[in-house]
There are 2 protein chains.
Amino acid sequence: MTDRNGRAGPGADTPRPTRSRPARAVDTAAPEQAAAERRPRKLRAMTSRHGSRPTMNDVAAAAGVGLKTVSRVVNGESGVSPAMAARVNAAIAELGFRRNDSARLLRTGRTASIALLLEDIADPFSSALSRAVEDVAAAEGCLLFTGSSGEHPPRERELALAFCARRVDGLVVVPAGDDHSYLLPETASGTPVVFVDRPATGIAADAILSDNAGGAREGVSHLIRHGHRRIGFIGDLPQIHTSAERLRGYREAMAAAGLPVDERWIACGTTDRARVAEAVTRLVGGPEPVTALFTANNRITVAALHRLPRTGGRPALLGFDDLELADLLTPALTVVAQDPAALGTAAASTLFERLAGDRTPPRRIVIPTRLIARGSAESPPPAVR
Amino acid sequence: MTDRNGRAGPGADTPRPTRSRPARAVDTAAPEQAAAERRPRKLRAMTSRHGSRPTMNDVAAAAGVGLKTVSRVVNGESGVSPAMAARVNAAIAELGFRRNDSARLLRTGRTASIALLLEDIADPFSSALSRAVEDVAAAEGCLLFTGSSGEHPPRERELALAFCARRVDGLVVVPAGDDHSYLLPETASGTPVVFVDRPATGIAADAILSDNAGGAREGVSHLIRHGHRRIGFIGDLPQIHTSAERLRGYREAMAAAGLPVDERWIACGTTDRARVAEAVTRLVGGPEPVTALFTANNRITVAALHRLPRTGGRPALLGFDDLELADLLTPALTVVAQDPAALGTAAASTLFERLAGDRTPPRRIVIPTRLIARGSAESPPPAVR
DNA sequence: CTGAAAGCGCTTACAG
DNA sequence: CTGAAAGCGCTTACAG
């Protein structure tokens, strides 16, 4: 996955900005500008220069018309005489006026923006999902805020509440924490929240999920079909919903085939390379090695791929989540692929349906996964070979 | 790269939302709510229920204090008697009040948000850059809008102007178009814009760039050092700044080594697989094949990697941009890596310096690239072998 | 310590 | 066809 440290690289040479909080409101005002602030409105319109922004009032004054007439012209409303419109447009052009949408939206009640809260936008899964959400939002005329929680619950909460404080029209959340009751006041007062990838806890809300158990079941069954009986499972932390579901799929596939599961074959924990490497070595290099490995997410698969060459064995390998270049590895990597774009599309679509007035009970939409056989999981175990 | 089509996958099953534009403002108001809107303020505070949002006025009325006192308590200002504060806090808790930051920011003048305009957030380069920008913004207390232009100039312009209309405090742009003079009024009225990855045209602005020419020069020199004389260059469209710079680096390295360049070795064009495949086949499979290939960006490298096994030759390969799993290919892929996170950090830092009042002339910051030798570019050409 | 008034830049509802 | 008034939910500047 993307390196999340290493950001202190060349860019760190750039001096950090001074942290004067109300930066622009204070510092950018040139002396003349500050003076202009104190002048009456009409004078100020004439003095418009660097740093200022003409308002509808300025345009009205310059054109010698009423504020409402400017509003009509700007918004293309009918019922303005050509002469008036021409004068207003001339003033608009001269002053370089552009409507302040933030002000407009304050009055209107909506903000025409939604927010997407992810684990890490730099992760391929998140970024693919993000693009899909953005596309739906764009079709609805909404702009998109994005924020990364870093899988850190307090940060998720902080960001979510900051978005709500801006009064975004709605929220799409890939939950990091395990208690989302803090969002109850927000949803109660009309801000819809849709959860993706994992369900929320402590709040009844829409959830768009991958078929984690089904996908894992299909993957493990695939290994079994190719003759494997001793199959290792390397997963994420067991308290993570997706992780638990995939383990469930593994167990179900084994049970369905009437195969016993040795609990030592199951290694759940963090996704850091060292932890996964240790698990791989133990499962593959021990005295009673497994003949196949199911790695339950992209980071674990990558870590396992790096470790495997240094273990004695060469087990079949099947990963959850597709990887770029997976087809160019030797052997090419067989995966159970999620569809992050479909998750994002479904989540954003659901959100806009809620915004359009849908009051039906919370839904749970499950997006299917897809087994892509490429070679790494199709070789039989040594004994059968 | 991430599949940008295929979004019609399983998610497409989800019914599309109806496109009623002013959705929430109209539809979500329950009948009681609509009635509440018509009631005088104080009554409304008492009637607060689903869909409404209590305001400071509501809190003031409920607590029986002045509006300003509520403001003081909400913002933690000093000079409020404990008794008053207690009454206000009780009202806040009872009504579930949360300050509307959009309203606050309208009065304040800033929006505490910046926007990032990318080619495609789903691309690993963009998403790594995005995360870095987000981190800097977060440290400055700013939220981040993101938008994808899809390398489509009109869309870039539309998005950029939409962000400016929201009065974002500043803009970070990966330019898609070749004329950014449309941003002149925005920068003139005080919205700073920083360009990343490519410089802007038609406007004097900060630009944060990779050392494209230097990186290409280093990569091609590396190939030359390993005995290659006939080196092919497969690049992006020549009008793209990064593409032209990398080609320049290629030519400079060849010239520095006193090597002639056959113009037929240079294949610039789109990054789609078919076009790259054709170029690879022609360069490698022809009668006078090159012995090494320099692929000038990540998409081209991936396309070439897919094609190469199906050509007769097995040239040395060196790509611009690193790829996940590059080290697990056979042979492992040698690359000139960019540092998208450093680009993002430098861009965002520069933006906040501008916001803090920096009025120095536009800068150009160049982020170094890094050659990572892994094997694919270190084998000598057949003749020397 | 407290709060009424004016204003941020727009739109809504209403009167000419 | 045109515009003055009131208001969106806050903060600023000012008076008690």
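All chains are named by letter (A, B, ...) in the order of the sequence lines, taking the proteins before the strands, and each is independently numbered beginning at 1.
Counted by atom type alone, A:Ser149 and A:Glu119 present zero donor-acceptor pairs between their side chains at under 3.5 Å. Donor-acceptor pairing under 3.5 Å is recorded for the side chains of B:Asn75 and B:Arg99. Side chain to side chain, A:Arg166 and B:Ser102 fail the donor-acceptor criterion of an N or O pair below 3.5 Å. Judged purely by distance below 3.5 Å, without hydrogens or angles, the side chains of B:Arg53 and A:Thr191 pair a donor atom with an acceptor atom. Between the side chains of A:Thr55 and A:Asn57, no donor N or O sits under 3.5 Å from an acceptor N or O.
Here the side chain of B:Asn100 is nearest to one of D:dC10, C:dT11, C:dG9, namely D:dC10. Side-chain proximity of B:Ala103 to the nucleotides C:dT11, C:dC10, D:dC10 is greatest for D:dC10. When each of C:dT11, D:dT11, C:dT2 is scored by its nearest atom to the side-chain atoms of B:Val80, the top-ranked nucleotide is C:dT2.
When side chains are defined from C-beta on, A:Ile114 counts as touching A:Phe352, because their heavy atoms get closer than 4.5 Å. Inter-residue side-chain proximity for B:Val133 and B:Ser130 is flagged as unmet; no heavy-atom pair is nearer than 4.5 Å. Counting only heavy atoms from C-beta outward, the side chains of A:Leu171 and A:Pro192 never approach each other to under 4.5 Å.
A distance of 6.0 Å separates CG in B:Leu161 from CD in B:Glu186, rounded to the nearest 0.5 Å.
When the P atom is compared between C:dA4 and D:dG7, the two are found 16 Å apart, to the nearest whole Å.
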Close N/O contacts between protein and nucleotides 3-5 of chain D (under 3.5 Å):
unit_1: D:dG3; atom_1: OP2; unit_2: A:Gly66; atom_2: N; d: 3.1
unit_1: D:dG3; atom_1: OP2; unit_2: A:Thr69; atom_2: OG1; d: 2.4
unit_1: D:dG3; atom_1: N7; unit_2: A:Arg72; atom_2: NH1; d: 3.1
unit_1: D:dG3; atom_1: O6; unit_2: A:Arg72; atom_2: NH2; d: 2.6

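Atom CZ of B:Arg87 and atom P of C:dT2 are 9 Å apart (whole Å). Protein atom CG of B:Asp58 is 14 Å distant from nucleotide atom C1' of D:dG7, rounded to whole Å. In this entry the distance linking CG of A:Leu105 with P of C:dT12 reads 11 Å, nearest Å. Atom CG of B:Leu106 is separated from atom P of D:dC10 by 12 Å (rounded to the nearest Å). Following rounding to the nearest Å, A:Arg98 (CZ) and C:dC10 (P) show an atom-to-atom distance of 13 Å. Whole-Å rounding puts the A:Glu77 CD to D:dT2 C1' distance at 12 Å. The CG atom of A:Asn57 sits 14 Å away from the C1' atom of C:dA6 (whole-angstrom rounding). In this entry the distance linking CG of B:Asn75 with P of D:dC10 reads 10 Å, nearest Å.
Position along DNA chain C of the nearest nucleotide to B:Ala85 versus A:Met56 favours B:Ala85 as the more 5'-ward residue.
Contact check, B:Ser71 against D:dT11: a side-chain N or O comes under 4.0 Å of OP1 or OP2. Phosphate contact (OP1/OP2 of C:dT2, side-chain N/O of B:Ser81, threshold under 4.0 Å): present.
With hydrogens and angles ignored, no donor-acceptor pair under 3.5 angstrom links the side chain of B:Arg104 to the base of D:dG9.
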Taking only Watson-Crick and G-U wobble pairs with both distances under 3.5 Å, what dot-bracket line describes DNA chain C, where [ ] shows pairs that cross earlier ones and | shows pairs with another strand? |||.||||||||.|||
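In this structure, the ring pair (Phe, Tyr, Trp, His ring centres under 6.0 Å) partners of B:Phe163, at least two apart in sequence or on a different chain, are B:Phe145.
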